[in-house]
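First listed ligand is number 1; within each ligand, the first listed atom is number 1. All residue numbers refer to positions in the sequence shown, counting from 1.
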Amino acid sequence: MLVRKATVDDVPAMHRLINHFAREGLMLPRTEKSLYENLQCFAVAELSGQVVGTAGLHILWKDLAEIRSLAVDPEQHGQGIGRRLVESLLEQATTLHIEQVLSLTYQTAFFDKLGFHTVAKETLPHKIWTDCIYCRKFHQCDETAMLYYTKVRGKFNAASAAHA
Ligand SMILES: CC(C)(COP(=O)(O)OP(=O)(O)OC[C@H]1O[C@@H](n2cnc3c(N)ncnc32)[C@H](O)[C@@H]1OP(=O)(O)O)[C@@H](O)C(=O)NCCC(=O)NCCS
């Protein structure tokens with residue numbers, strides 16, 4: 001199994017996967033247009049030439065990015081594909097010098113295994129909620145907010161200490 005950056009050829013399969021789970025209420029639906037527009041945020045998992053998983057890393061602010069649209073083909077669950085996708089996005093966040101990665105999710109046990117921890121939604125900055133206006137659960141969000149601290153956590157403090 002290979003995890004790589006998404007290409008335009010992957011979009012139909014990504015669209016099918018994401019909207020399969022969106023119909024089950026597990027994530028927000030996405031149009032093909034939104035996938036093309038945001039393609040550079042996305043990774044895919046490829047197995048025997050087929051796209052079997054996808055996930056996107058969306059930068060929200062200088063110290064915060066969010067994992068969105070994480071979806072693994074139901075026939076391939078439990079084989080480490082979700083883990084590999086998330087780990088590749090965490091590496092990408094580290095490379096971009098982003099300190100924290102957020103997931104708003106029902107899959108708390110999965111993200112817990114990957115080193116995320118639960119935080120109170122009220123502690124998150126208001127700017128993260130912009131896409132939530134498209135969600136039918138906007139006023140009664142029942143997802144759990146989970147954060148991962150990348151290896152660059154504390155860089156701002158370290159940088160200011162170095163200049164002190
Ligand atoms: C959540 C999801 C991405 C996990 O993908 P996956 O490829 O099946 O997960 P992995 O095989 O990489 O699992 C990694 C670890 O998490 C555990 N795990 C995965 N799903 C779990 C679950 N629902 N409950 C408890 N543990 C879970 C695995 O047992 C594994 O543990 P291990 O490393 O100790 O063996 C997949 O179930 C999915 O696509 N779900 C539907 C869409 C969805 O809810 N996406 C999340 C939106 S935020």
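Put simply, the side chain of Lys121 gets close to the backbone of Glu143: a donor and an acceptor are under 3.5 Å apart. At distances below 3.5 Å, not a single donor-acceptor pair connects side-chain atoms of Ser69 with backbone N or O atoms of Ala55.
Of the protein's heavy atoms, none falls inside 4.0 Å of atom 28 (C) of ligand 1.
Among all non-hydrogen protein atoms, the one lying nearest atom 35 (O) of ligand 1 is Lys113 NZ, 4.8 Å. The protein non-hydrogen atom at the shortest distance from atom 21 (C) of ligand 1 is Phe110 CB, 4.1 Å. Regarding atom 39 (O) of ligand 1, its nearest protein heavy-atom neighbour is Val72 N, 2.9 Å. From the protein, the heavy atom lying nearest to atom 44 (O) of ligand 1 is Gln107 NE2, 2.8 Å. Counting protein heavy atoms only, atom 8 (O) of ligand 1 is closest to Gly78 N, 2.8 Å.
Taking any N or O of Met27, backbone or side chain, none lies under 3.5 Å from an N or O belonging to ligand 1. Where the criterion is an N or O separation shorter than 3.5 Å, residue side chain and backbone included, Ala109 fails it with respect to ligand 1. For the pair Gln76 and ligand 1, the shortest N or O to N or O distance does not fall below 3.5 Å. Considering backbone and side-chain atoms together, Arg84 places no N or O closer than 3.5 Å to any N or O of ligand 1.
Of all the heavy atoms of His77, the ones lying under 4.0 Å from any atom of ligand 1 are found in both the backbone and the side chain. Only backbone heavy atoms of Gln79 (N, CA, C or O) come within less than 4.0 Å of ligand 1; its side chain stays farther off. Proximity of Arg83 to ligand 1, defined as any heavy-atom pair under 4.0 Å, is shared by backbone and side chain alike.
Using a 4.5 Å heavy-atom cutoff, the side chains of Tyr106 and Asp142 are in contact.
Distances below 4.0 Å separate heavy atoms of Thr105 from the following atoms of ligand 1: 48 (S). Atoms of ligand 1 found under 4.0 Å from any heavy atom of Gly82, numbered from 1 in the order shown, are 5 (O), 6 (P), 7 (O), 12 (O). Heavy-atom contacts of Gly80 reach the following atoms of ligand 1: 10 (P), 11 (O), 12 (O) (cutoff under 4.0 Å). Counting the atoms of ligand 1 from 1 in the order shown, those under 4.0 Å from a heavy atom of Ala71 are 39 (O). Taking a cut-off of under 4.0 Å to the non-hydrogen atoms of Ile81, the atoms of ligand 1 that pass are 7 (O), 12 (O). Residue contact check: Leu70 has heavy atoms under 4.0 Å from atoms 3 (C), 42 (C), 43 (C), 45 (N), 46 (C), 47 (C) of ligand 1.
Under the 4.5 Å side-chain heavy-atom criterion for Ile, Leu, Val, Met, Phe, Trp and Tyr, Val119 and Leu60 are members of the same hydrophobic cluster. Taking hydrophobic clusters as Ile, Leu, Val, Met, Phe, Trp and Tyr residues chained together by side-chain heavy-atom distances below 4.5 Å, Val86 shares a cluster with Met1. Connection of Leu96 to Trp61 is not established within any shared hydrophobic cluster, with ILVMFWY side chains joined at heavy-atom distances below 4.5 Å, either directly or through further cluster members. A chain of hydrophobic side-chain contacts below 4.5 Å, direct or via other Ile, Leu, Val, Met, Phe, Trp or Tyr residues, connects Tyr36 to Val44. Under the 4.5 Å side-chain heavy-atom criterion for Ile, Leu, Val, Met, Phe, Trp and Tyr, Val8 and Val51 are members of the same hydrophobic cluster.
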Might you work through the side-chain contact (heavy atoms from CB on, under 4.5 Å) test for Glu99 and Tyr148, ending with a clear yes or no? CA-CA 8 Å; Glu99 293 191 0; Tyr148 179 93; over 6 Å; no
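Other residues, nucleotides and ligands contribute only 12 or fewer heavy atoms inside 6.0 Å of the CD atom of Gln40.
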Only distances under 3.5 Å count here; give the side-chain donor-acceptor pairs of residues 13-22 to other protein atoms, sequence neighbours excluded, each with its distance to 0.1 Å.
residue : atom : partner : partner atom : Å
His15   : NE2  : Asn19   : ND2          : 3.1
His15   : NE2  : Arg30   : O            : 3.2
Asn19   : OD1  : Arg30   : N            : 3.1
Asn19   : ND2  : His15   : O            : 2.9
Asn19   : ND2  : Arg30   : O            : 3.0

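Residue contact annotation: Tyr106 has no non-hydrogen atom under 4.0 Å from ligand 1.
Listed by first and then second residue, the side-chain hydrogen bond (donor to acceptor under 3.5 Å, both in side chains) pairs involving residues 44-54 are Arg4-Glu46 (not counting sequence neighbours).
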